[in-house]
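Since the structure comes first, as structure tokens, the remarks are kept for the end.
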Amino acid sequence: MTHAIWLLKTEPDAFSIQHLENAADQTAGWDGVRNYQARNRLRDDIQEGDRVLIYHSSCATPAIVGEALVTRAAYPDPTQFLPEHPAYDARSSRETPRWFQIDVRFIRHYPNPVTLKRLKQDAKFADMELIVRPRLSVQRVTDRQYQLIQTLCQPMDVSA
DNA sequence: GCCAACGTTGGC
DNA sequence: GCCAACGTTGGC
């Protein structure tokens, strides 16, 4: 069985793919997710070994900028227990944690980030979750979408 | 359980 | 900074 492919959104001002690359072991916890549907996918569906596309949102050029690997499946997000933390949740407890995170490790930057604008121009991506449900922060990517993205992220985009 | 009010996201 | 979309909260 092959591993699934996901797309994780992040605001690069807060945490970018460069932060991930520069982290110890090039690995970081994907914490701070506070949306139930995204939480459910983190907790129930994403497995160690799955591949992740990193998407930068709320920035000058929203785009898929590279890839990472899931190195640890879901475990309680510790930031929910820290009263000083912006992502603190008083309704959560260590006995019944509400929010979960995974760990991901940097794989690579795309030589040519695949911009949202580019994806919107191509009817092949019309049913991609990024287009259909843009606010969901943990998205599924199909094998076909992934293969198309592999061609678009090359330095010389001759497919346009 | 409904739904209005409110808060957040994120492209532009 | 605006605003549409949409998720969450809380009174009833």
Side-chain angles (χ1 to χ4, degrees), chain A residues 4-23 28-46 50-68 70 74-104 106-142 144-146 148-154 157 159-160:
Chain A
I5 304 157
W6 305 92
L7 181 148
L8 298 178
K9 293 192 304 178
T10 184
E11 297 188 16
D13 288 348
F15 187 85
S16 71
I17 193 168
Q18 285 80 16
H19 288 107
L20 181 61
E21 184 183 15
N22 295 337
W30 204 265
D31 60 18
V33 172
R34 294 294 182 270
N35 166 281
Y36 289 104
Q37 190 156 18
R39 186 279 310 270
N40 291 347
R41 290 181 170 187
L42 285 178
R43 186 190 59 192
D44 305 334
D45 298 333
I46 299 184
D50 284 357
R51 184 158 299 241
V52 160
L53 308 186
I54 304 292
Y55 176 83
H56 283 174
S57 68
S58 291
C59 56
T61 307
I64 303 168
V65 295
E67 295 185 12
V70 177
Y75 60 100
D77 176 350
T79 65
Q80 71 194 299
F81 306 126
L82 307 174
E84 310 302 319
H85 196 281
Y88 174 66
D89 188 340
R91 302 165 301 182
S92 197
S93 71
R94 292 182 187 275
E95 293 72 29
T96 57
R98 184 174 296 228
W99 306 111
F100 290 79
Q101 70 175 73
I102 58 173
D103 287 351
V104 300
F106 174 81
I107 293 179
R108 67 175 180 129
H109 296 279
Y110 283 163
N112 185 30
V114 181
T115 65
L116 178 62
K117 183 181 176 189
R118 179 70 183 82
L119 294 169
K120 283 183 169 177
Q121 286 171 352
D122 193 332
K124 294 191 187 73
F125 294 105
D127 60 351
M128 192 174 182
E129 280 200 329
L130 190 65
I131 308 301
V132 178
R133 309 196 45 208
R135 291 186 50 171
L136 185 58
S137 64
V138 178
Q139 306 190 350
R140 299 177 186 278
V141 177
T142 67
R144 180 158 177 272
Q145 288 161 356
Y146 181 73
L148 289 167
I149 289 163
Q150 294 317 294
T151 67
L152 295 178
C153 71
Q154 299 308 312
D157 184 5
S159 64

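Chain letters run A, B, ... following the sequence lines, proteins first and then strands; every chain starts at 1.
Although no hydrogens or angles enter the test, the distance criterion places a donor-acceptor pair under 3.5 Å between the side chain of A:Gln80 and the main chain of A:Arg98. At least one donor-acceptor pair under 3.5 Å links the side chain of A:His56 to the backbone N or O of A:Ile17. Formation of a donor-acceptor pair under 3.5 Å by the A:Ser58 side chain with backbone atoms of A:Glu11 is not found in this model.
Taking atom CG of A:Leu130 as the reference point, atom P of B:dT9 lies 16 Å away to the nearest angstrom. With rounding to whole Å, A:Arg91 atom CZ is found 12 Å from C:dG10 atom C1'. Atom CD1 in A:Ile131 sits about 15 Å away from atom C1' in B:dC12, given to the nearest Å. With rounding to whole Å, A:Asp89 atom CG is found 16 Å from B:dT8 atom C1'. For the pair A:Glu11 CD and B:dC12 C1', the interatomic distance rounds to 15 Å; values are reported in whole Å.
In this structure, the separation between CG on A:Asp127 and CD on A:Glu129 is 10.0 Å, given to the nearest 0.5 Å.
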Protein heavy-atom contacts under 4.0 Å, written 5' to 3' over nucleotides 2-7 of chain B as B (base), S (sugar-phosphate only) or - (none), form the string -----B

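Remark: A:Asp77 engages A:Arg34 in a salt bridge, criterion side-chain N to carboxylate O under 4.0 Å.
Within the 4.0 Å cut-off from OP1 or OP2 of B:dT9, not a single side-chain nitrogen or oxygen of A:Tyr55 is found.
Among the protein residues, A:Lys120 comes within range of the sugar-phosphate backbone only, with heavy atoms under 4.0 Å from sugar or phosphate atoms but none that close to a base.
With no hydrogens or angles considered, a side-chain donor-acceptor pair links A:Glu67 and A:Gln150 at under 3.5 Å.
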